[in-house]
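Structure record follows, encoded as structure tokens.
Order of the sequence lines sets the chain letters (A, B, ...), proteins ahead of strands, with each chain counted from 1. Values in this document were obtained by computation on a predicted structure and should not be read as measured data. In what follows, every heavy atom counts, from backbone to side chain, and hydrogens, waters and symmetry copies are set aside.
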There are 2 protein chains.
Amino acid sequence: MEQETQELRRVGLKVTHPRMRILQIFEEDGIHHLTAEDVYKKLLAYQEDIGLATVYRVLTQFEAAGILVKHNFEGGQAVYELDRGQHHDHMIDVDSGKVIEFVSEEIEKLQHQIAASHGYVIEDHSLVLYVRPKSRSK
Amino acid sequence: MEQETQELRRVGLKVTHPRMRILQIFEEDGIHHLTAEDVYKKLLAYQEDIGLATVYRVLTQFEAAGILVKHNFEGGQAVYELDRGQHHDHMIDVDSGKVIEFVSEEIEKLQHQIAASHGYVIEDHSLVLYVRPKSRSK
DNA sequence: CTCCCTGCAAAGCTTTTGCACGGAT
DNA sequence: ATCCGTGCAAAAGCTTTGCAGGGAG
């Protein structure tokens with residue numbers, strides 16, 4: 001709780017109940033990639049009376065503050081996760097919906113080379129692999 | 001026109017006016033990545049009286065038939081392009097909105113290695129680089 | 001002649017916004 | 001005491017769907 005309070009102060013946001021609870025949900029063990037709806041449902045499960053609009057507003061503020069990273073995977077709903085500083089890409093198990101993170105210095109390097117060869121510098125990038133367990137692949 | 005007719009017959013879709021015109025728009029020179037709204041505006045410019053709902057339906061059918069590929073880039077709107085058989089990734093110039101295509105066998109290979117090392121097989125993947133011209137980069 | 005296709009309008013879904021009240025500093 | 005933050009409801013933006021008339025095979 002002290003930790004979350006300081007985190008919010010650090011980024012210049014008032015320490016309010018909804019912000020604390022939402023931040024705590026992301027810091028819980030378990031699933032780290034949550035949609036606004038996921039967060040809202042968890043709040044409901046905790047008997048919290050926090051509106052969905054507030055969830056959206058807080059997620060947007062946290063993203064702007066660098067606390068969360070937003071991803072636009074397929075399926076319409078944006079997904080958020082804590083920004084732990086280290087960039088990584090994602091692999092999504094299409095059977096279970098599970099999200100696996102990975103890092104590849106080689107791919108990062110190749111991306112920069114490709115952009116450079118076209119006269120560009122990379123501002124941001126998105127790499128998502130949609131995968132299926134090897135054993136039961138088609 | 002003969003070409004489009006055969007293409008539609010080949011995939012088992014009735015040859016209707018809306019489908020012909022939409023297919024022709026994708027086969028025109030120029031921009032190859034279009035949103036449903038883009039297609040609709042082009043139809044309007046050609047004095048065609050085709051509803052936006054039909055555009056969405058036809059794009060969905062073309063995607064299912066393998067004529068078009070759908071991409072979910074950032075910004076909410078889905079983007080479609082002709083499926084010319086060869087897989088490629090995209091680079092988006094964030095200043096101009098221009099879309100550049102590229103292919104990297106090395107990245108493809110690395111992706112498969114990474115998936116395999118986690119016990120998975122790739123079903124699909126999405127790689128998008130958001131770039132800025134080198135000369136006026138921040 | 002039979003379905004498939006289409007335009008229109010309405011509905012769906014995710015996300016954003018206006019407003020007035022309430023709470024943090 | 002000030003603003004900022006919040007809940008609620010309404011609105012917005014993209015896409016899908018129900019319906020009844022029209023057209024392709």
Side-chain angles (χ1 to χ4, degrees), chain A residues 1-2 4-25 33-44 46-65 67-80, chain B residues 1-2 4-25 33-44 46-65 67-68 70-80 97:
Chain A
M1 168 136 179
E2 205 37 56
E4 288 90 351
T5 302
Q6 287 175 20
E7 180 84 8
L8 290 176
R9 292 236 166 85
R10 182 177 68 74
V11 300
L13 288 171
K14 279 189 183 172
V15 179
T16 64
H17 185 66
R19 286 179 183 150
M20 288 293 278
R21 299 301 283 116
I22 292 173
L23 186 49
Q24 285 167 2
I25 282 175
H33 298 80
L34 302 168
T35 64
E37 193 72 32
D38 290 338
V39 172
Y40 182 62
K41 280 184 188 149
K42 287 212 173 212
L43 289 170
L44 286 183
Y46 289 145
Q47 313 285 320
E48 295 289 350
D49 193 16
I50 296 175
L52 182 55
T54 297
V55 173
Y56 275 103
R57 273 186 288 236
V58 171
L59 293 180
T60 303
Q61 293 160 347
F62 282 5
E63 188 201 1
I67 295 176
L68 296 178
V69 186
K70 180 180 184 175
H71 301 291
N72 294 291
F73 296 156
E74 302 213 345
Q77 265 143 302
V79 173
Y80 292 84
Chain B
M1 166 136 182
E2 205 36 55
E4 288 90 352
T5 302
Q6 287 175 20
E7 179 87 7
L8 291 175
R9 292 235 168 85
R10 183 177 67 76
V11 300
L13 289 171
K14 281 189 182 173
V15 179
T16 64
H17 185 67
R19 286 179 183 149
M20 288 293 278
R21 301 301 283 116
I22 292 173
L23 186 48
Q24 285 167 1
I25 282 174
H33 298 79
L34 302 168
T35 64
E37 192 73 31
D38 290 338
V39 173
Y40 182 61
K41 281 183 188 150
K42 288 212 173 213
L43 290 169
L44 287 183
Y46 289 144
Q47 314 284 320
E48 296 288 352
D49 194 17
I50 297 175
L52 182 55
T54 298
V55 173
Y56 275 104
R57 274 186 289 234
V58 171
L59 293 180
T60 303
Q61 292 161 347
F62 283 5
E63 189 201 0
I67 295 176
L68 297 178
K70 180 180 185 176
H71 300 290
N72 295 289
F73 297 157
E74 302 213 344
Q77 264 143 304
V79 173
Y80 292 84

> Taking only residues two or more places apart in sequence, or in another chain, which ones meet F73(A) in a ring pair (Phe, Tyr, Trp, His ring centres under 6.0 Å)?
Replying inline: H71(A), H90(A)

>> If you define the side chain from C-beta out and look only at heavy atoms, does anything of T54(B) sit under 4.5 Å from R57(B)?
In response: yes

>> Using whole Å, what does the distance between atom P of nucleotide dT6(C) and atom CZ of R21(B) come to?
In response: 14 Å

> In whole Å, what is the span from the NZ atom of K70(B) to the P atom of dC14(D)?
Replying inline: 14 Å

>> Going by salt bridge (charged side-chain N to carboxylate O under 4.0 Å, His left out), name the residues that satisfy it together with E7(A), two or more places apart in sequence or in a different chain.
In response: R10(A)

> How many Å lie between CG on N72(B) and C1' on dC14(D), as a whole number?
Replying inline: 12 Å

> How long is the span from the CG atom in L13(A) to the CZ atom in R19(A), to the nearest 0.5 Å?
Replying inline: 4.5 Å

> Quick one: E74(A) CD to dT14(C) P, roughly how many Å, whole number?
Replying inline: 15 Å

> Using rotation axes that map the C1' atoms of four end pairs onto the next four (five pairs an end), what angle separates the end axes of the helix from dC1(C)-dG25(D) to dT25(C)-dA1(D), to 10°?
Replying inline: 30°

>> I need the D38(B) CG to H33(B) NE2 distance, nearest 0.5 Å.
In response: 11.5 Å

> To the nearest angstrom, how far is Q77(A) atom CD from dT15(D) atom P?
Replying inline: 15 Å

>> So if I take residues 49-56 of chain B and measure heavy-atom distances to DNA chain C, which residues fall below 4.0 Å?
In response: D49(B), I50(B), G51(B), A53(B), T54(B)

> For the atom pair CD1 (I25(B)) and OH (Y40(B)), what is the distance rounded to the nearest 0.5 Å?
Replying inline: 12.0 Å

> To the nearest angstrom, how far is L8(A) atom CG from dT6(D) atom P?
Replying inline: 10 Å

> Along nucleotides 19-25 of chain C, 5' to 3', which nucleotides get a B, which get an S, and which get a -, given that the test is a protein heavy-atom distance under 4.0 Å?
Replying inline: ----BBS

> Roughly how many Å is it from CG in L59(B) to P in dC5(C), rounded to a whole number?
Replying inline: 15 Å

> By salt bridge (charged side-chain N to carboxylate O under 4.0 Å, His left out), which residues pair with E48(B), not counting sequence neighbours?
Replying inline: R21(B)

> Would you say the side chain of Q77(A) lies within less than 4.5 Å of the side chain of V79(A), judging by non-hydrogen atoms?
Replying inline: no

> Between F62(B) and I22(B), is any pair of side-chain heavy atoms under 4.5 Å apart?
Replying inline: yes

> Atom CD1 of I50(A) and atom NZ of K42(A): how far apart are they, to the nearest 0.5 Å?
Replying inline: 14.0 Å

>> If you assign G75(B) and G12(A) each to the DNA chain D nucleotide with the nearest heavy atom, which residue ends up on the more 5' nucleotide?
In response: G12(A)

>> What's the separation between atom OG1 in T16(A) and atom CG in L8(A), rounded to the nearest 0.5 Å?
In response: 7.0 Å

> Please give, in whole Å, the distance from dG7(D) C1' to E48(A) CD?
Replying inline: 14 Å

